[in-house]
Amino acid sequence: MEENAMNVLLLSDFSKVGINAIHYAMDLLQDQQANFYLLNIYDPDPECIDNCAEDEKAMTLATLEERVQKLQQRSENRPHKVTGHYSEEKLVNAAREFVKKHRIDLIVMGAVGHEQRHSTILGKHTFEIMSKIKCNTLAVAHESEFKKPERLLMPLDYNASFGSKNIRFLKDSEVFKGKHLDIWEIPSVENFGDDRNIGKKEIFSRLKNIRVNFSTFVESSVYDKTTWADVQNKFDHIVILGKNIRICDLLLHNKDGLYAKVPNQLPILVLHD
């Protein structure tokens, strides 16, 4: 694999939603050179002791090896490399160390488990990774079926401090070349009419290979259930800047977010610098 290949960390517990996220990411990057690192965090059963614990660990390692083989077979004719990795550290700590060690460009996770999908848009672990680790993260819903993305939606609050580094993933990835990015500008009392917004808006002019369209939305419309139900039919991906803390909290937070009340089938890409 060449040095310029994308490094992708696949966080999976081997659940159906986790496997679906992996397949989605590999299909999304099907034409791109990529190193896929499949990382499984082993969380031992506290009631399991001695031989029982060793048996569980052995089963986890065997499942990891089997999953890697299946993914390699799935990517046989693609410029992909798949390796399996195991850790007994806490999820965030293990992921953070892995991102640093392997220079990860993208983390991929399932958005939420099948049993919780009607009550939250993101599971606790996914939201934690998105908010605590500064690495681009793609969360894929259980119901997400892969199709090449054509239209991306980015709700944008100019109160956030961001620059060109935050959109580098969109700029450099061949995946989004020639696609449409609709940016919903969400004005607030603090940033309304602020000249600094013009400079931030110009940052998106650097996306030469993406067609960008700006629209202004009053906040009440942006957080309306009907608006987001309509989003499901018009867009293929939702993109959010990680520094847009207010947007992330209002739309994605697993307890209070709008999406806890709106069924979502779209992958969510959170961008960091």
Participant: Taking the side chain as C-beta and beyond, is there a heavy-atom pair between Ile129 and Phe127 under 4.5 Å?
Facilitator: no

Participant: Would you tell me whether Asn244 and Asp157 have side-chain atoms, one donor and one acceptor, within less than 3.5 Å of each other?
Facilitator: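 No, no side-chain donor-acceptor contact under 3.5 Å.
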
Participant: For the residue pair Lys243 and His272, establish whether any side-chain heavy-atom pair is separated by less than 4.5 Å.
Facilitator: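 They are not in contact (no side-chain heavy atoms under 4.5 Å apart), so the answer is no.
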
Participant: May I have the step-by-step check of side chain to side chain contact (heavy atoms under 4.5 Å, CB included) for Ile104 and Phe98, ending in yes or no?
Facilitator: CA-CA 8 Å; Ile104 297 298; Phe98 211 94; 4.3 Å; yes

Participant: Could you walk me through whether Ile186 and Leu156 pass the side chain to side chain contact (heavy atoms under 4.5 Å, CB included) test, one step at a time?
Facilitator: CA-CA 6 Å; Ile186 306 173; Leu156 184 64; over 6 Å; no

Participant: How are the rings of Trp228 and Trp184 set relative to one another: parallel (under 30°), tilted (30 to 60°) or perpendicular (over 60°)?
Facilitator: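 Rings of Trp228 and Trp184: perpendicular, as their planes differ by over 60°.
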
Participant: Ignoring hydrogens, what is the shortest heavy-atom contact between Leu106 and Leu269? Give both atom names and the distance.
Facilitator: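 Heavy atoms only, the tightest pair is CD1-CD1, 3.9 Å.
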
Participant: How far apart are the closest heavy atoms of Ala141 and Asn20, and which atoms are they?
Facilitator: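 That would be O-ND2, 3.1 Å.
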
Participant: First locate atom CZ of Phe14, then atom OG1 of Thr60, and finally report the distance between them rounded to the nearest 0.5 Å.
Facilitator: 7.0 Å

Participant: Report the distance from atom CD1 of Ile107 to atom SG of Cys135, rounding to the nearest 0.5 Å.
Facilitator: 4.0 Å

Participant: Please determine which of Lys81, His80, Gln30, Lys70 meets the side-chain hydrogen bond (donor to acceptor under 3.5 Å, both in side chains) test together with Ser75.
Facilitator: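 It is His80; the other options fail the test.
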
Participant: Output yes when a side-chain donor or acceptor of Thr63 lies under 3.5 Å from a complementary backbone atom of Met59, and no otherwise.
Facilitator: yes

Participant: Provide the closest heavy-atom pair for Ile22 versus Ser12 in the form atom of the first, atom of the second, distance.
Facilitator: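 That closest heavy-atom pairing would be CD1-CB, 3.7 Å.
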
Participant: Partners of His180 by ring-ring contact (aromatic ring centres under 6.0 Å, His included), sequence neighbours excluded?
Facilitator: none

Participant: So how far is it from Leu152 CG to Asp182 CG, rounded to the nearest 0.5 Å?
Facilitator: 8.5 Å

Participant: Kindly compute the distance separating CD (Glu185) from OG1 (Thr216), expressed to the nearest 0.5 Å.
Facilitator: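 Spacing of CD (Glu185) from OG1 (Thr216) equals 4.5 Å.
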
Participant: Tell me, do Leu71 and Met26 make a side-chain contact under 4.5 Å, heavy atoms counted?
Facilitator: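 The answer is yes; the side chains approach within 4.5 Å.
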
Participant: With side chain to side chain contact (heavy atoms under 4.5 Å, CB included) as the criterion, how do Val99 and Leu9 come out once you've worked through the C-alpha distance, each side chain's angles and the decisive distance to 0.1 Å?
Facilitator: CA-CA 8 Å; Val99 165; Leu9 174 58; 4.3 Å; yes

Participant: Is a side-chain donor or acceptor of Asn213 paired with a backbone partner of Ile183 at a separation under 3.5 angstrom?
Facilitator: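 Not confirmed, Asn213 side chain does not pair with Ile183 backbone.
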
Participant: In the single-linkage hydrophobic clustering (I, L, V, M, F, W, Y; side-chain heavy atoms under 4.5 Å), do Met154 and Leu207 co-cluster?
Facilitator: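 Yes; tracing contacts between hydrophobic side chains, which count when under 4.5 Å, links both residues.
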
Participant: Tell me if a side-chain donor or acceptor on Glu150 pairs with a main-chain N or O of Lys179 at a distance below 3.5 Å.
Facilitator: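 Here the side-chain-to-backbone pair does not exist.
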
Participant: Under 4.5 Å between any side-chain heavy atoms of Leu29 and Met6, yes or no?
Facilitator: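 A side-chain contact under 4.5 Å exists here.
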
Participant: Using every non-hydrogen atom in the two residues, find where Leu39 and Ser87 come nearest and quote the distance to one decimal.
Facilitator: CD1-CB, 4.1 Å

Participant: Give a yes or no on whether the ring-centroid distance for Phe146 and His23 is below 6.0 angstrom.
Facilitator: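 They do not qualify: ring centres at least 6.0 Å apart.
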
Participant: Calculate, to the nearest 0.5 Å, the distance between atoms CE and CG belonging to Met130 and Leu271 respectively.
Facilitator: 10.0 Å

Participant: Considering non-hydrogen atoms only, spot the tightest contact between Lys148 and Asp236 and give its length.
Facilitator: O-OD2, 4.4 Å

Participant: Nearest 0.5 Å, what's the CG-NZ distance between Asn93 and Lys90?
Facilitator: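 Going from the CG atom of Asn93 to the NZ atom of Lys90 covers 9.0 Å.
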
Participant: Indicate whether any N or O donor in one side chain lies under 3.5 Å from an N or O acceptor in the other, for Thr83 and His85.
Facilitator: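 On atom types as modelled, these side chains qualify, holding a pair under 3.5 Å.
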
Participant: Run the salt-bridge test on Arg74 and Asp27 with the 4.0 Å N-O cut-off and return the result as yes or no.
Facilitator: yes

Participant: Answer with yes or no whether the hydrophobic clustering places Leu28 together with Ile19; edges join I, L, V, M, F, W, Y residues whose side-chain heavy atoms lie under 4.5 Å apart.
Facilitator: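 Leu28 and Ile19: separate clusters.
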
Participant: Please output the side-chain donor-acceptor pairs of residues 161-178 that fall under 3.5 Å, not counting sequence neighbours, one pair per line with the distance.
Facilitator:
from	atom 1	to	atom 2	distance (Å)
Ser164	OG	Arg206	NH1	3.2
Asn166	OD1	Gly163	N	2.8
Ser173	OG	Val175	N	3.2

Participant: Write down the atom of Asp13, the atom of Asn40, and the distance for their closest heavy-atom approach.
Facilitator: CA-ND2, 3.7 Å

Participant: Under 3.5 Å, side chain of Asn136 to main-chain N/O of Asp105, donor-acceptor pair present?
Facilitator: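 Checked: pair present.
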
Participant: Between His237 and Tyr24, what is the ring plane arrangement, given parallel below 30°, perpendicular above 60°, and tilted in between?
Facilitator: tilted

Participant: Please tell me if the side chains of Leu38 and Arg67 come closer than 4.5 Å, counting only heavy atoms from C-beta onward.
Facilitator: yes

Participant: Taking Asn7 for the side chain and His102 for the main chain, is one N or O donor matched with an acceptor at less than 3.5 Å?
Facilitator: yes

Participant: Could you check if a side-chain atom of Val92 sits within less than 4.5 angstrom of a side-chain atom of Ile133, using non-hydrogen atoms only?
Facilitator: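 Side chain of Val92 against side chain of Ile133, heavy atoms only: contact under 4.5 Å found.
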
Participant: Is there a side-chain contact between Asn4 and Gln33 (heavy atoms, below 4.5 Å)?
Facilitator: yes

Participant: List the steps and the verdict of salt bridge (Lys or Arg N to Asp or Glu O under 4.0 Å) for Glu97 and Lys101.
Facilitator: CA-CA 6 Å; Glu97 291 177 8; Lys101 180 179 179 180; over 6 Å; no

Participant: State, with a plain yes or no, whether a side-chain heavy atom of Leu11 is found less than 4.5 Å away from one of Leu91.
Facilitator: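 Leu11 reaches Leu91 side chain to side chain.
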
